[in-house]
There are 2 protein chains.
Amino acid sequence: MEEINLIIAKNLKTIRESKKLSLEKVAELTGVSKTMIGQIERGESSPTITTIWKIANGLKISFTSLINHPQPDTKVVLRNEIQPLFEDNGKYRVYPHFPFENDRRFEVYSVEIEKGGYLSSDPHVEGAEEYITVFEGELTVRVNNIEHTLQSGDSIKFKADRPHSYHNSGDTLTRLSMVIYYPA
Amino acid sequence: MEEINLIIAKNLKTIRESKKLSLEKVAELTGVSKTMIGQIERGESSPTITTIWKIANGLKISFTSLINHPQPDTKVVLRNEIQPLFEDNGKYRVYPHFPFENDRRFEVYSVEIEKGGYLSSDPHVEGAEEYITVFEGELTVRVNNIEHTLQSGDSIKFKADRPHSYHNSGDTLTRLSMVIYYPA
DNA sequence: ACATTATGTACGTTATATTGTACAGATGAA
DNA sequence: TTCATCTGTACAATATAACGTACATAATGT
């Protein structure tokens, strides 16, 4: 998940050292206490937006240079690293492979639903869409009061800004891929 | 100067209303209390970076959509609106016309120095440069232990990451324009 | 009309961001 | 070495962000 305050910590320390400034010098330039600068660099504090503003302006750097962390060209996410979310007494399991991140407009999940497993989802934000492909078993999606039953290999796309539900209507484990898109 | 928390206040309120969400709904989606969301929208609070992160992620919006405020195509800055900075007992007056702002890599000032007025400046950050043009009177700049005397219409550029000083070496008021550049 | 729900604000409490001072280790000069 | 300065951290005090509850008003239905 990459804690945001750790990102800032690393960025600030890198920038400060690249400018060869001491904590005290940064404190002078920014009007933020030496102690606070140190704590931020160590990730011990989640600074307020005004503090970040003072730092950015005092150091004459952009806001994003503190917030952005360079995205690696390649990123591998192992199943074991993913902390699944459990619903319906563990019968419905969500694996967030690529959760929402700053500018990215979509998320990638996979879902496992045991036999009989069911989940009713509240509407997402207006304009949101879901793209589902079934990889194993059978899935029944209900949206707009219409049920759609899919088999392995089938897909469905629907506007997810209304109530919808997922149901393993088959006799075996259902596994599927889900992409959620959010409008800009 | 546009207080940063007021910018966020406006952005958040606009985004929330465009999505037709109540404070409570936003609280649910983001994990930030309804009260805090309200205070942020009213500009009564400078949220911490983690709170902003929660809001951005919960609402599936980018960080910058909360921070950025649309720059007008045209901006007029009247001399009367500028709050000058006084040095050397008011003999050295700095007028910040376009102070540092997020991505902009330079600042534009004008300076008035009365007869005999003098200012010794500490080094700016490494790589900083100053571009000065004299509009009225005489100016003596000292940098690298060398003095340069300029008349109205003359200009000078120098690396400002070392000590330097300005001196009105003439008999009349000196007025000049100063651009300070900061490396990326 | 009334009741009911929904929405945003005021208030008191807790958690924590922020500050100033004091301290310990490092660095450097003589 | 010794003294001095510089750098970053530990600590205690204060300011304020963040929370939960309760309240006022608006909106909605019956």
Side-chain angles (χ1 to χ4, degrees), chain A residues 1 3-59 61 63 66-67 122-126 161-163, chain B residues 1 3-59 61 63 66-67 122-126 161-163:
Chain A
M1 198 64 85
E3 300 277 355
I4 179 69
N5 50 327
L6 298 183
I7 295 173
I8 292 187
K10 187 177 298 183
N11 283 334
L12 177 54
K13 183 157 194 172
T14 303
I15 293 171
R16 180 175 68 85
E17 291 178 344
S18 79
K19 291 182 184 292
K20 293 167 190 134
L21 298 173
S22 66
L23 291 182
E24 193 157 13
K25 204 74 187 173
V26 173
E28 278 179 33
L29 291 171
T30 63
V32 176
S33 74
K34 174 174 64 167
T35 306
M36 177 66 5
I37 302 289
Q39 288 186 20
I40 293 172
E41 282 194 357
R42 277 173 272 138
E44 294 175 11
S45 175
S46 295
T48 63
I49 193 67
T50 56
T51 300
I52 296 178
W53 186 88
K54 286 183 192 171
I55 294 174
N57 279 270
L59 262 41
I61 57 179
F63 231 101
L66 285 174
I67 291 170
D122 288 333
H124 300 178
V125 293
E126 187 170 333
D161 54 3
R162 56 208 68 184
Chain B
M1 199 63 86
E3 300 278 355
I4 179 68
N5 51 325
L6 299 183
I7 296 174
I8 290 188
K10 187 177 299 183
N11 283 333
L12 177 53
K13 182 156 194 172
T14 303
I15 292 171
R16 181 175 68 86
E17 291 178 343
S18 79
K19 290 182 185 291
K20 292 165 190 136
L21 299 172
S22 66
L23 290 181
E24 194 157 13
K25 205 73 188 172
V26 173
E28 279 180 32
L29 291 171
T30 62
V32 177
S33 74
K34 175 173 63 167
T35 306
M36 178 65 9
I37 301 289
Q39 289 187 20
I40 294 171
E41 281 193 358
R42 277 172 271 140
E44 294 175 10
S45 175
S46 296
T48 64
I49 194 67
T50 56
T51 301
I52 296 178
W53 185 88
K54 286 182 191 172
I55 294 174
N57 279 268
L59 262 42
I61 58 180
F63 231 100
L66 285 173
I67 291 170
D122 288 332
H124 300 178
V125 294
E126 186 170 333
D161 54 4
R162 56 209 68 184

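Chain letters run A, B, ... following the sequence lines, proteins first and then strands; every chain starts at 1.
- Here the closest non-hydrogen pair linking Glu41(B) and Lys13(B) is OE2-CA, 3.6 Å.
- The salt bridge (charged side-chain N to carboxylate O under 4.0 Å, His left out) check on Glu17(B) picks up nothing, with sequence neighbours excluded.
- Looking at residues 38-47 of chain A, you'll see Gln39(A), Glu44(A), Ser45(A), Ser46(A), Pro47(A) sit with a heavy atom under 4.0 Å from some atom of DNA chain C.
- For the side chain to side chain contact (heavy atoms under 4.5 Å, CB included) criterion with Thr30(A), the lone passing option out of Ile37(A), Asn57(A), Ile52(A), Thr51(A) is Ile37(A).
- Between Lys19(A) and Ile61(A) there is a side-chain heavy-atom pair separated by less than 4.5 Å.
- Put simply, CE on Met36(A) is 16 Å from P on dG8(D), counting in whole angstrom units.
- In this entry the distance linking CD1 of Ile49(B) with P of dA17(C) reads 12 Å, nearest Å.
- The backbone N or O of Glu126(A) sits nowhere less than 3.5 Å from a side-chain atom of Asp161(A) that would complete a donor-acceptor pair.
- A side-chain donor-acceptor contact under 3.5 Å links Thr48(A) and Thr50(A).
- Here Arg16(B) does not reach the OP1 or OP2 of dT7(C): none of its side-chain N or O atoms lies under 4.0 Å away.
- Between the side chain of Arg16(B) and the backbone N or O of Leu12(B) there is no donor-acceptor pair closer than 3.5 Å.
- Nucleic acid contact for Thr48(B): sugar-phosphate only, since backbone atoms but no base atoms lie under 4.0 Å from a heavy atom of the residue.
- The distance between atom CH2 of Trp53(A) and atom C1' of dT18(C), rounded to the nearest whole Å, is 17 Å.
- Contact annotation: Thr51(A) side-chain N/O to dT18(C) OP1/OP2 distance is under 4.0 Å.
- Contact annotation: the side chain of Val125(A) never approaches that of Leu59(B) to less than 4.5 Å [non-hydrogen atoms, C-beta and beyond].
- Only Ser22(B), Leu23(B), listed by number, bring a heavy atom of residues 20-33 of chain B to less than 4.0 angstrom from any atom of DNA chain C.
- No hydrogens or angles were tested; on distance alone, nothing pairs the side chain of Lys34(B) with the base of dG20(D) as donor and acceptor under 3.5 Å.
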